[in-house]
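What follows is one structure encoded as structure tokens, with my remarks underneath.
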Amino acid sequence: KGGGGFGDGRINMRGFANENIAVMINGIPVNDMENGAVYWSNWAGLSDVTSAMQVQRGLGSSKLAIASVGGTINVVTRAADKKKGGSVSIGVGNNGYHKSLFSYNTGKGNTGWSSSFLLSRTAGAMYIDGSNFEGYNYYFALGYQKPSSNHDFQFTFTGAPQWHNQRSTSPTISDYIKYGSVNGGDPNRRYNADWGYRNGEALANRINYYHKPIMSLNWDWKISDKSKLNTVVYASFGRGGSING
């Protein structure tokens with residue numbers, strides 16, 4: 001975690017940070033094109049739609065044609081890999097945290113078609129004070145593989161629009177004690193210096209909002225038992241920013 005805000009985290013592999021790790025969704029790189037960073041708050045819903053996760057530590061013998069000194073992480077969300085069925089879930093937690101989710105998978109039919117759908121909403125606050133957030137996640141996938149065919153097609157469209165308050169200040173121990181309970185009580189472990197009230201309304205110093213949907217069409221061709229061709233066409237576009245209070 002970084003700062004305690006919703007989705008503000010990072011991954012390190014073999015001592016390398018996100019900037020040196022290739023993170024992909026169905027083989028599509030999602031690292032920032034300028035600095036190589038990965039903003040996990042933009043992909044907070046991936047855990048709900050993941051069919052498999054492939055991790056390659058270091059360069060090694062990776063089959064992926066992408067530069068990655070620290071390694072590669074490929075999140076697979078293929079509709080054809082999901083079993084038939086659906087689910088509805090509601091979860092609650094501290095600080096008003098709640099999450100509701102609905103999903104359904106048709107499974108692979110006799111004609112070779114398969115589809116998946118998911119919609120979820122997560123809102124509330126994290127452990128620290130003033131860390132409110134709200135995020136949505138939508139996912140649709142359509143797959144086709146004709147029985148006994150060596151060709152497999154997968155279309156995927158997913159996104160996770162969100163906004164969340166961020167924290168960038170590291171309070172001192174004296175501040176934790178000062179803003180703790182009265183009369184020298186326990187320190188306030190939830191203390192956050194990056195928020196307050198303005199005109200009676202709670203306001204954070206920094207508010208991040210972003211939406212970066214991604215759509216892709218994968219074609220897998222099993223040429224023989226020893227060779228396979230993977231082709232993907234994808235598009236991704238994002239809009240967001242940060243509001244400084």
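Residues Ser216 and Tyr234 approach most closely at CB-CB, 3.8 Å, considering heavy atoms. For Asn165 against Gly130, the heavy-atom pair with the smallest separation is ND2-O, 3.1 Å. Closest approach of Tyr209 to Ser242, counting heavy atoms only: CE2-N, 4.1 Å. Across every non-hydrogen atom of Ser168 and Asp194, the tightest pair is N-OD2, 2.6 Å. Between Met13 and Gly71, the shortest heavy-atom contact is CE-CA, 4.0 Å. Across Thr231 and Leu229, no two heavy atoms sit closer than the pair OG1-CG, 4.0 Å.
Side-chain contact between Ser120 and Tyr139 is absent, with no heavy atoms from C-beta onward closer than 4.5 Å. Pro213 is listed as a side-chain neighbour of Phe157, based on a closest heavy-atom distance under 4.5 Å. Inter-residue side-chain proximity for Lys212 and Trp43 is flagged as met; some heavy-atom pair is nearer than 4.5 Å. Looking at heavy atoms from C-beta onward, Asn26 lies in side-chain contact with Val76 at the 4.5 angstrom threshold. The shortest side-chain heavy-atom distance between Arg167 and Asp8 does not fall under the 4.5 Å cut-off. Contact of the Tyr104 side chain with the Lys84 side chain is registered, since non-hydrogen atoms from C-beta on lie closer than 4.5 Å.
Hydrophobic clustering (side-chain heavy atoms under 4.5 Å, transitive across Ile, Leu, Val, Met, Phe, Trp, Tyr) keeps Ile207 apart from Trp195. No continuous path of ILVMFWY side-chain contacts below 4.5 Å connects Ile25 to Leu217, so the two sit in separate hydrophobic clusters. Grouping the Ile, Leu, Val, Met, Phe, Trp and Tyr side chains by contacts below 4.5 angstrom, directly or via other members, places Trp163 apart from Tyr136. Grouping the Ile, Leu, Val, Met, Phe, Trp and Tyr side chains by contacts below 4.5 angstrom, directly or via other members, places Met215 with Leu142. Clustering ILVMFWY residues whenever any of their side-chain heavy atoms sit less than 4.5 angstrom apart, transitively, puts Val88 in the very cluster that holds Phe117.
Between His151 and Trp219, the two ring planes are parallel [angle under 30°; tilted spans 30° to 60°]. Using cut-offs of 30° and 60° on the angle between ring planes, the pair Phe133 and Tyr97 is tilted.
The residues Lys99 and Asp48 are annotated as salt-bridged, a charged nitrogen and a carboxylate oxygen being separated by less than 4.0 angstrom.
Asn208 and Gln162 share a donor-acceptor pair across their side chains, judged by distance under 3.5 Å alone. Under 3.5 Å, the side chains of Ser87 and Ser89 contain no donor-acceptor pair of N or O atoms. Side chain to side chain, Gln154 and Asn218 fail the donor-acceptor criterion of an N or O pair below 3.5 Å. Side-chain polar atoms of Ser116 and Asn105 form a donor-acceptor pair below 3.5 angstrom.
A distance-only check finds no donor-acceptor pair linking the side chain of Arg239 to the backbone of His211 [under 3.5 Å]. Within the 3.5 Å criterion, the main-chain N or O of Ile21 finds a donor-acceptor partner in the side chain of Asn31. Side-chain N or O atoms of Ser131 include one that pairs as donor or acceptor with a backbone N or O of Met126 at under 3.5 Å. Judged purely by atom type and a 3.5 angstrom limit, Asn199 has no side-chain atom pairing as donor or acceptor with the backbone of Glu201. The main-chain N or O of Gly70 is never found under 3.5 Å from a side-chain atom of Asn20 such that the two would form a donor-acceptor pair.
Going from atom CZ of Phe153 over to atom CH2 of Trp221 covers 11.0 Å, rounded to the nearest 0.5 Å. Distance check: Asn188 CG to Asp129 CG gives 5.5 Å after rounding to the nearest 0.5 Å. Here the CG atom belonging to Leu46 is positioned 7.5 Å from the OG1 atom belonging to Thr77, to the nearest 0.5 angstrom. Between atom CG of residue Asn74 and atom CD1 of residue Ile28 there is a gap of 9.5 Å, rounded to the nearest 0.5 Å. Met53 contributes atom CE, which lies 7.0 Å from atom CD1 of Ile73 (distance to the nearest 0.5 angstrom). In this structure, CD in Glu19 is found 9.0 Å from CG in Asn12, a value given to the nearest 0.5 Å.
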Chi angles and distances behind the side chain to side chain contact (heavy atoms under 4.5 Å, CB included) call for Tyr144, Phe155
CA-CA 9 Å; Tyr144 177 72; Phe155 172 76; over 6 Å; no
Dump the intermediate steps for side chain to side chain contact (heavy atoms under 4.5 Å, CB included) on Thr158 and Ile214, then the final yes or no.
CA-CA 6 Å; Thr158 184; Ile214 186 171; 3.6 Å; yes
Run the side chain to side chain contact (heavy atoms under 4.5 Å, CB included) check on Lys228 and Asp220 step by step: do they pass?
CA-CA 7 Å; Lys228 185 178 181 180; Asp220 298 337; 3.9 Å; yes
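The environment of Ile90 atom CD1 is sparse: at most 12 non-hydrogen atoms of other residues, nucleotides or ligands sit within 6.0 angstrom.
A cation-pi arrangement is absent between Arg189 and Tyr176, since the terminal nitrogen or guanidinium carbon is not both under 6.0 Å from the aromatic centre and inside a 45° cone about the axis.
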